[in-house]
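I have placed the structure first, in the form of structure tokens, so that the comments after it can refer back to it.
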Number of protein chains: 2
Amino acid sequence: MTPSRKVAIEKSSDFGKDFPVPKAERHSLIRPSLEDEIASAIQEGILGGQWNPGERLVEMELAQYFGVSQGTIRGALKYLQAGGLVEHRPRRGNFVISISEEDIRDISLMRDTLESLGAQLAAERISSEGEARLYEVVDEMRQASKQHQRQRLLELDLRFHRTVVEIADSRLLQDMYRRLEGPALLFLRMADGFYQEPQAIVDLHEPLLEAICSGDSARAYELARRHTDPDAGRLTGRYRK
Amino acid sequence: MTPSRKVAIEKSSDFGKDFPVPKAERHSLIRPSLEDEIASAIQEGILGGQWNPGERLVEMELAQYFGVSQGTIRGALKYLQAGGLVEHRPRRGNFVISISEEDIRDISLMRDTLESLGAQLAAERISSEGEARLYEVVDEMRQASKQHQRQRLLELDLRFHRTVVEIADSRLLQDMYRRLEGPALLFLRMADGFYQEPQAIVDLHEPLLEAICSGDSARAYELARRHTDPDAGRLTGRYRK
DNA sequence: TATTTATTATTGATAATCACTAATCAAGTA
DNA sequence: TACTTGATTAGTGATTATCAATAATAAATA
């Protein structure tokens, strides 16, 4: 989602010619454009099952449905394309992605890869504000675990790592995690939280939280790469049958 | 770049309801849209120095320059946004990215991360056609090295790994590598190939090529993660002074 | 049944337009 | 000098209308 991204203030040491950074840049609490809002709405629709995987998204239909113009819809769809939830086929249209077995493996692999990198970086530059945000998520996890809300727990899992990635403070990593998150959420909702015990997720994130907050980047890195060895095979294996 | 992506044919085992895959899907050698062509042209302009980092890209100016409509330009700019070369600020416009010190570190880190993952996967599913493509790139590397074309060598380096990533055959990974490649190329061209000896690059890729082709994924993984330890510090350090 | 031909729906692309917002500059004020 | 305020202007955000090109669908033919 991240409809409004923090604008990185360039420093004088940047590459290339110096183009002035306008004053207004600093205080602008960016209001999301209509396009962004529509994009979020469509995304929610996809994740909520209003549009199914593989289904075609017709521009004019959406325009009427949301009461906006075709151009706005087109922009919103482009945004979703970048987020990986919508696939564009030239002269054919836009389609909600389908998730294949290979995609599931990829998602798991990339989660490991990006989340472990994120954890490592976050441990190096955690702040008290970041700590508070992470603690909050883990608290919600504990509650969800007690009430055996598996679905919610898996989504909190993703939210935890998105927060970690934001703390890691890397534009590249954040964009990539956004590309990953949409498909991951779609898969989770379709698969309906079928793997891992609730408590196991909490047990995994508590030490990870601690490692990050204590600045132990190596340990954070190791703790965050979890699916790879034990789970990945079991996951796809379990799906296959 | 990848203006036309291979369309993944869904299999019946996919998630979600089954929506029929039309016949035309199979034989369509997708012609790139005008938008894609314009996007490539702008990208070349950015990498070629026609537009400088931080510079504003005014829609109507570009529309006149390329002789297309404003809408087409807007679409092309969205594509470049996803590729990470253009930054969009709501109600302000589109700007060529500036590359900060942090970005340089991030690019290096992400290259390691994605390229090593790519190498690992490629080793697991290399084909004779893929082998040929990789050998070709390494051959070009050898030539460039002999003629001390440092700049070209660094770009071949990126091309090698993009090829590896294509062989790895993961939509997610490919998209992410595309997000990385634009900024990486921009940085390389601005920095004008200032680090690493030509021969060192060849010496690195020859064993990597061999590892991938022999299916030794673990070795391929290790060989591909190179910048991290020895170079990253030296790189940013050298830049800083 | 398979292939060709028409029909229709939808995207690709353009053009013209208007509201709204940011950046700029100038004048006035402390 | 420094700091507002106000007017000006450039440029995006968004709409509407339109037309050509093309894919998907249905119908007709062999």
Side-chain angles (χ1 to χ4, degrees), chain A residues 3-4 7 9-10 18-42 51 54-81 86-96, chain B residues 3-4 7 9-10 18-42 51 54-81 86-96:
Chain A
S4 60
V7 172
I9 309 292
E10 291 102 359
D18 281 38
F19 283 80
V21 176
K23 263 189 232 169
E25 203 73 358
R26 247 149 283 169
H27 57 72
S28 62
L29 285 176
I30 303 163
R31 172 165 51 87
S33 67
L34 182 55
E35 223 172 75
D36 291 330
E37 285 179 37
I38 299 293
S40 297
I42 298 177
W51 293 285
E55 190 171 346
R56 187 177 199 176
L57 299 170
V58 179
E59 292 177 354
M60 278 309 295
E61 281 179 13
L62 292 172
Q64 289 188 323
Y65 180 81
F66 287 106
V68 297
S69 75
Q70 192 181 0
T72 304
I73 295 292
R74 198 171 283 191
L77 289 175
K78 285 243 168 65
Y79 188 78
L80 294 178
Q81 284 163 35
V86 167
E87 189 181 5
H88 178 79
R89 307 179 197 162
R91 273 164 285 277
R92 242 157 259 149
N94 293 280
F95 300 81
V96 179
Chain B
S4 60
V7 172
I9 308 293
E10 292 100 359
D18 281 37
F19 283 78
V21 176
K23 263 191 232 169
E25 203 74 357
R26 249 148 282 169
H27 56 72
S28 62
L29 284 176
I30 304 163
R31 171 165 52 86
S33 67
L34 181 55
E35 225 171 73
D36 290 331
E37 284 179 37
I38 299 292
S40 298
I42 298 177
W51 292 286
E55 192 171 343
R56 188 177 199 175
L57 299 170
V58 178
E59 292 176 353
M60 278 309 295
E61 281 178 14
L62 292 172
Q64 289 187 325
Y65 180 82
F66 288 106
V68 298
S69 76
Q70 193 180 1
T72 304
I73 295 293
R74 200 171 282 192
L77 288 175
K78 285 244 169 61
Y79 188 77
L80 294 178
Q81 285 163 34
V86 167
E87 189 180 6
H88 178 79
R89 307 180 197 162
R91 272 165 286 277
R92 243 156 257 151
N94 292 281
F95 301 80
V96 178

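Proteins come first, then strands; the chains are lettered A, B, ... in the order of their sequence lines, and each starts at number 1. Quick note: numbers below take in every heavy atom, side chains included, and nothing from hydrogens, waters or symmetry partners.
- Atom CG of B:N94 and atom C1' of D:dA10 are 15 Å apart (whole Å).
- For the pair B:Y79 and B:A39, the tightest heavy-atom approach, listed with the atom from each and the gap, is CD2-CB, 3.7 Å.
- Between B:H88 and the phosphate of D:dG11, there is no side-chain N or O to OP1/OP2 separation shorter than 4.0 Å.
- Following rounding to the nearest Å, A:Q64 (CD) and C:dA9 (P) show an atom-to-atom distance of 13 Å.
- Using a 4.0 Å cut-off between charged nitrogen and carboxylate oxygen, B:E35 and A:R74 do not count as a salt-bridge pair.
- Taking atom CG of residue A:D36 and atom C1' of nucleotide D:dA14, one finds them 13 Å apart after rounding to whole Å.
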Distances under 3.5 Å only, N/O to N/O: pair up the protein atoms with those of nucleotides 15-17 of chain D.
unit_1	atom_1	unit_2	atom_2	d
D:dT15	OP2	A:S69	N	3.1
D:dT15	OP2	A:S69	OG	2.6
D:dT15	OP2	A:T72	OG1	2.2

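- Between the CZ atom of B:R91 and the P atom of C:dC20 there is a distance of 12 Å, rounded to whole Å.
- Distance CG (B:L77) to P (D:dG13): 10 Å, rounded to an integer number of Å.
- Heavy atoms of B:I38 sit nowhere under 4.0 angstrom from any nucleic acid atom.
- Contacts of A:L57 with the nucleic acid, taken as non-hydrogen atoms under 4.0 Å apart, involve only primed sugar atoms and P, OP1 or OP2.
- For B:M60 and D:dT12, the CE to P distance is 9 Å, given to the nearest whole Å.
- Atoms NZ (A:K78) and C1' (C:dT11) sit 11 Å apart, rounded to a whole Å.
- Both B:E61 and A:S33 sit near DNA chain D, but only B:E61 has its closest nucleotide nearer the 5' end.
- Rounded to whole angstrom, the span from the CD atom of A:E35 across to the C1' atom of D:dT12 amounts to 11 Å.
- The side-chain hydrogen bond (donor to acceptor under 3.5 Å, both in side chains) check on A:Q70 picks up A:E59, with sequence neighbours excluded.
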task: In sequence, state the C-alpha distance, the side-chain angles, and the governing distance for B:Q81 and B:N94, and then conclude on side chain to side chain contact (heavy atoms under 4.5 Å, CB included).
output: CA-CA 9 Å; B:Q81 285 163 34; B:N94 292 281; 2.9 Å; yes
- request: Might you work through the side chain to side chain contact (heavy atoms under 4.5 Å, CB included) test for B:I42 and B:W51, ending with a clear yes or no?
  value: CA-CA 9 Å; B:I42 298 177; B:W51 292 286; 4.3 Å; yes
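- For the pair B:R92 and C:dA23, the criterion of a side-chain N or O lying under 4.0 Å from OP1 or OP2 is met.
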